[in-house]
Amino acid sequence: MPGKRRFEAQLAALDALRDAPKEARLDPLRNALANKNNFIAAKAADLVREFNLQELIPDLLKSFGRFFENAEKSDPQCWAKNALSRALAPRASL
């Protein structure tokens with residue numbers, strides 16, 4: 001069960017970034033975007049989008065490309081690819 005606990009700890013650490021200052025968010029999000037787990041990368045991409053962290057666009061692009069390599073195994077539910085594409089899409093101002 002250590003794998004499940006580690007996964008849950010990673011998700012909790014990402015959730016805790018909501019209370020962190022911007023500078024403290026960058027490295028953990030960069031690391032999570034590089035994570036091989038598609039769900040962790042998707043969660044990180046959603047947070048990058050929520051926080052509007054433009055400086056992480058290169059990391060989003062790198063992660064996006066990586067999940068297209070052997071896509072049926074690396075991201076079978078397309079969680080990462082969908083979240084990454086949302087984070088990379090320009091937002092229309094209202």
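Atom CZ of Arg6 and atom CG of Leu11 lie 11.5 Å apart (nearest 0.5 Å). A distance of 14.0 Å separates CG of Asn38 from NZ of Lys43, quoted to the nearest 0.5 Å. We find the CG-CD distance between Asp15 and Glu8 to be 12.0 Å, quoted to the nearest 0.5 Å.
Listed for the Ser74 side chain is a donor-acceptor partner under 3.5 Å among the backbone atoms of Glu69. Not a single donor-acceptor pair under 3.5 Å links the side chain of Asn35 to the backbone N or O of Ile40.
With a 4.5 Å cut-off on side-chain heavy atoms, Leu56 and Phe51 do not count as touching. The closest side-chain heavy-atom distance from Gln10 to Asn37 is not below 4.5 Å. Side-chain contact check for Arg49 versus Leu88: every heavy-atom pair is 4.5 Å or farther apart.
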Q. Going through the distances and angles, do Arg30 and Asp27 end up as a salt bridge (Lys or Arg N to Asp or Glu O under 4.0 Å)?
A. CA-CA 5 Å; Arg30 206 172 262 127; Asp27 284 339; 3.3 Å; yes

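Residue Glu50 forms a salt bridge (charged side-chain N to carboxylate O under 4.0 Å, His left out) with just one option from Arg86, Arg25, Arg18, and that option is Arg18.
Ring geometry for Phe39 against Trp79 counts as perpendicular: the plane angle is over 60°, on a 0 to 90° scale with 30° as the lower cut.
Shown here for Ala44 and Leu14, the closest heavy-atom pair between the two residues is N-CD1, 4.2 Å. When every heavy atom of Phe67 is checked against every heavy atom of Asp75, the shortest pair comes out as CD2-CB, 3.8 Å.
Not counting sequence neighbours, the partners of Ala45 by the side chain to side chain contact (heavy atoms under 4.5 Å, CB included) test are Leu33, Leu60, Ala83, Leu84, Ala87. In this structure, the side chain to side chain contact (heavy atoms under 4.5 Å, CB included) partners of Asn70, at least two apart in sequence or on a different chain, are Glu72, Lys73.
Figure legend: cation-pi geometry between Lys81 and Phe68, with NZ or CZ positioned under 6.0 Å from the six-membered ring centre and within 45° of its axis.
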